[in-house]
Amino acid sequence: MSKKIVLIDGHSILNRAFYALPALTNSEGLYTNGVLGFLNILFKILDEEKPEYLTIAFDVHQPTFRHEMFAEYKGTRKGMPEELRGQVPLLKEVLKAMKITILEKGGYEADDILGTLAVKAEKEGYQVSLVSGDRDLLQLATDKIKIRIPKTKKGGTEIENYNTQDVLEAYGVTPKEFIDLKALMGDTSDNIPGVPGIGEKTAAKIIMAFGSIENAYEHIDEVTPNKARESMINNKEQAYLSKILATIKTDCELDYKLEDCTYQDVFNEDAYNYFKRLELKSLLNRFSRANVSVTKEKEKEGTKFEVIEEKAKAQDILDAAIKASNGTTIGFYLACEEETAVLALSFEEKAWLILAQEQASEENLSLQDIKAGLAALISNKKSFATLHLKEQLPFLPEGLSEGIDDIVIGAYLLNPLQSTYEYDDIARDFLKITLPSQNEILGKGSLKEFLKNKKEESVAYYCNHALIAGKAMPLIREELKQKDMEELYDTIEMPLVYTLFDMEQRGIRVNKEGLKEYGDKLTVGIDRLEKEIYEKAGEVFNINSPKQLGVILFEKLHLPNGKKTKTGYSTSAEVLEKLQHDAPIVGKILEYRQLTKLKSTYADGLAAYIGEDGRIHGKFHQTIAATGRISSTEPNLQNIPIRMELGREIRKVFIPEEGYLFLDADYSQIELRVLAHMSGDERLIEAYKQNEDIHRITASLVFHTPFEEVTSEQRRSAKAVNFGIVYGISSFGLGQDLNISRKEAEDYINRYFDTYPGVKTFLDGLVSEGKTQGYVTTLFGRKRPIPELASSNFMTRSFGERVAMNSPIQGTAADIIKIAMIRVNDKLKALKLRSRLILQIHDELLIETATDEIETVRKLLQEEMQHAAELLVSLEVDVNEGPNWYEAK
DNA sequence: TGAGTCACG
DNA sequence: ACGTACGTGACTCAC
């Protein structure tokens with residue numbers, strides 16, 4: 001077996017990767033998509049080939065040899081976008097960290113270096129793999145030199161491989177002839193002029209016939225077609241020049257030895273830290289835990305972690321914490337799993353892990369001891385910081401609502417775009433420390449298991465939580481202050497933690513039998529539809545598979561195919577609705593879809609979450625949505641059907657406890673009212689003051705029609721425009737929604753802006769603000785960064801512009817209802833009412849109300865929601881009551 | 001695991 | 001010319 005060497009064209013692969021992947025930045029704002037794509041391709045090749053030797057060649061940004069010789073052809077190489085430019089040095093650094101040899105030499109292009117090395121390696125008996133995104137290299141293919149061209153296809157990277165025979169088969173010419181082919185046809189991206197009038201087809205014909213440019217000129221009379229022959233005659237010099245330009249050099253003077261291109265220890269600690277910093281999470285699992293131990297990190301930080309199991313010692317630590325100087329932030333993290341409890345405490349650069357034993361004794365601690373200790377500590381009014389406070393509240397002493405900070409909430413406000421805010425994320429972002437993530441520490445094992453064996457890793461894991469919380473909080477608070485978000489944090493987000501906790505604890509009661517019946521009813525319909533569909537289709541297939549369905553509809557039944565989507569036919573409701581009149585099966589399918597959705601997601605889905613108390617305790621998340629909204633999972637209680645009657649019926653199974661009723665309060669068009677306020681547009685504000693149907697008023701103004709004469713069609717259009725404005729209007733999107741042409745949609749938008757000029761000024765202002773500052777802001781100071789606005793890609797940038805218009809509006813509405821939630825919840829509790837807030841659905845609150853408290857609570861809700869913010873237009877709230885959610889809405 | 005689809009505001 | 005509405009989460013299929 002001969003030795004293998006892999007040679008990679010660095011720029012070309014980076015370039016490919018960059019354009020193949022969507023924009024991706026780490027939390028520092030560094031673009032990383034090119035680097036990630038490059039590494040994916042690199043690893044794929046290393047996995048496949050396991051070569052002994054590896055090197056990556058880069059162009060040096062200087063006039064290159066071939067291009068310098070013919071300066072007149074130098075020039076129009078397309079400027080690299082800024083997002084890519086920065087990734088070149090980044091990639092080189094990463095490769096250096098991985099101890100991979102990089103080759104670059106002033107005066108030579110990467111092509112030439114690669115060509116030289118490939119030929120040299122072949123002579124010395126290596127098997128060569130030459131990896132590039134560029135087909136130019138095909139001229140180097142031989143039986144020993146394989147050209148590999150990665151293609152990013154859906155579902156991963158595929159690599160096309162070319163040896164001599166493959167080139168011949170694909171292009172009909174040998175690799176050597178490929179040079180002549182390219183010289184004849186030219187290549188603008190490489191500044192090869194070629195022969196005018198000769199394209200790919202003609203060039204191929206000529207080279208297949210004559211083998212080379214030289215030979216073609218020797219038999220120039222035989223060259224066909226006539227046009228090509230004449231052009232060749234007239235451009236002879238240019239043709240030969242092109243050939244020189246197209247030829248990759250294989251004789252560069254390089255002082256590199258192939259033997260130097262070995263690589264080893266790619267997955268070392270330096271590389272790990274780089275990957276971690278760039279947040280290339282998907283690649284981290286290639287590092288074995290053995291190489292990157294927790295202990296190393298600990299030593300580096302010089303932090304001592306200590307395990308405490310004795311009462312006396314624990315008391316010492318707690319006492320020391322109380323005595324710590326006033327400016328000290330004490331970090332803590334309390335975790336309980338079944339009978340085991342741990343409290344990690346940290347201050348003054350140290351951290352302790354206090355362990356509660358299952359069998360507490362005179363000397364050992366119980367969970368109660370830990371709780372009591374913590375309560376004493378906290379009542380001493382120092383500043384405390386933790387992570388994921390809401391998840392710890394069940395175990396913390398009751399009634400705390402001041403003095404505890406949650407760095408996760410703070411970090412979210414400072415950058416709401418992250419997907420996670422775990423201790424390692426925050427350590428990286430605020431303390432510049434690289435820590436192993438939970439996943440890396442635990443691997444397959446469970447935390448509990450680790451804890452039982454008092455593994456060093458689990459000690460570090462918990463202690464790091466407390467340590468990071470304590471150390472990061474002062475920095476986070478300082479940054480919040482600087483960015484004018486301290487009030488938002490202290491008066492909205494932190495109090496909301498407790499409100500959401502209350503809601504999760506309470507849950508919502510569900511009629512289990514009712515839900516079962518509802519599901520059974522659906523099943524009957526589904527079975528019936530299934531039969532009908534199979535019958536009309538003439539065969540049994542999986543209706544749930546868009547792929548199989550597409551084949552049936554568009555191939556078997558020959559329905560006019562909506563040609564959309566990448567992977568096949570689109571079978572979305574949007575497409576199917578347009579086909580309803582062509583075949584009865586389509587309507588059945590739509591109905592089937594509706595029923596199966598209700599069955600699987602709601603009837604069956606919700607049933608799985610009903611607890612022993614007959615209630616569903618869903619989770620509310622505060623750090624997910626980039627706009628500041630709350631999100632709901634396990635189950636999602638914010639997307640219970642309402643638009644269609646059949647789906648809406650499911651709300652009948654959401655019921656209050658005996659002796660209670662539901663009160664449901666929702667804001668009327670809160671986003672449009674926020675828009676009226678923020679834009680200050682006088683006519684929009686005036687429109688709201690009339691307290692009439694806003695869509696009708698808008699239609700009346702936009703279409704210059706008296707209010708009473710507005711048609712339902714006009715109103716519908718005006719409503720769609722109103723929505724569109726809030727989403728960040730685009731004529732295409734509006735056209736899609738109203739099923740009208742882009743031109744007509746544009747006309748509507750212009751009329752709208754003529755009607756409400758202040759809105760136009762406001763939205764334009766948001767976009768330019770987003771561009772200059774890099775973020776946009778809500779009325780309450782919440783910020784959303786919009787990196788997309790700096791993109792050179794039209795589509796990405798346009799998206800950024802819509803986000804810039806939408807986020808302050810959606811976000812301000814979110815701020816307002818958060819304020820209302822906190823006040824409603826607090827007030828209900830302060831008045832010692834039994835009624836309780838149980839759900840929030842973006843602009844709606846659901847309260848489980850004691851029947852004798854109905855009127856009190858109704859007023860309270862009205863009052864608190866309406867006055868959560870004082871805007872230039874009033875906030876209107878509709879309140880309804882009922883014995884279940886269906887009736888209350 | 002990602003794409004497609006669809007439920008909500 | 002580009003090819004889309006903003007924000008979420010759950011389920012299913014197919015790789």
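Excluded from the calculations below are hydrogen atoms, water molecules and symmetry mates; all remaining heavy atoms, backbone and side chain alike, are included. Lettering follows sequence order; numbering is per chain, from 1.
- Here the nucleotide nearest the side chain of A:Asp843, chosen from C:dG3, C:dA5, B:dG9, is B:dG9.
- Nearest to the side-chain atoms of A:Gln810 among the listed nucleotides C:dG7, B:dA7, C:dT8 stands C:dG7.
- Which of B:dG9, B:dT5, C:dG9 sits closest to the side chain of A:Tyr727 comes down to B:dG9.
- Comparing C:dT8, C:dA14, B:dG4 against the side chain of A:Pro546 picks out B:dG4 as the nearest.
- Under 4.0 angstrom from either OP1 or OP2 of B:dA7 there lies no side-chain N or O belonging to A:Arg648.
- For A:Ser600, the side-chain atoms get nearest to C:dT12 when compared with the rest of C:dT12, C:dC6, C:dA5.
- Nucleic acid contact class of A:Glu671 (heavy atoms, under 4.0 Å, all strands): none.
- A side-chain donor from one of A:Glu555 and A:Tyr569 sits under 3.5 Å from a side-chain acceptor of the other.
- A donor N or O paired with an acceptor N or O is not found under 3.5 Å between the base of B:dC8 and the side-chain atoms of A:Gln638.
- Listed nucleotides C:dA10, C:dC13, B:dG9 differ in distance to A:Asn542; the shortest reach to its side chain belongs to C:dC13.
- Donor-acceptor pairing under 3.5 Å is lacking for the side chains of A:Arg593 and A:Ser572.
- Using a 4.0 Å cut-off, no side-chain N or O of A:Arg802 falls inside it from OP1 or OP2 of C:dT4.
- Dashed line: the shortest gap from a side-chain N or O of A:Thr571 to OP1 or OP2 of B:dT5 is under 4.0 Å.
- For the pair A:Ser631 and C:dG9, the criterion of a side-chain N or O lying under 4.0 Å from OP1 or OP2 is met.
- Of the candidates B:dC8, C:dA5, C:dG9, the closest approach to any side-chain atom of A:Ile624 belongs to C:dG9.
- Taking 4.0 angstrom as the limit, A:Asn793 places none of its side-chain polar atoms (N or O) nearer than this to OP1 or OP2 of C:dC2.
- Judged by distance alone with a 3.5 Å cut-off, a donor-acceptor contact links the side chain of A:Lys597 to the base of B:dC6.
- If you check the side chains of A:Gln810 and A:Thr627, you find a donor sitting under 3.5 Å from an acceptor.
- Regarding A:Asn544, its CG atom lies at a distance of 9 Å from the P atom of C:dA14, rounded to whole Å.
- In this structure, C:dC15 forms no base pair with any nucleotide, since neither Watson-Crick nor G-U wobble geometry is met with both distances under 3.5 Å.
- For A:Ser545, a side-chain nitrogen or oxygen approaches OP1 or OP2 of C:dA14 to under 4.0 Å.
- Nearest nucleotide to the A:Phe794 side chain, out of C:dG3, B:dT5, C:dG7: C:dG3.
- OP1 or OP2 of C:dA14 lies within a sub-4.0 Å distance of a side-chain N or O belonging to A:Gln548.
- For an aromatic pair to be called close, the ring centres must be under 6.0 Å apart, and A:Tyr752 with A:Tyr748 fails this.
- A:His621 and A:Ser632 share no donor-acceptor pair across their side chains, judged by distance under 3.5 Å alone.
- Within the 4.0 Å cut-off from OP1 or OP2 of C:dC6, not a single side-chain nitrogen or oxygen of A:Arg784 is found.
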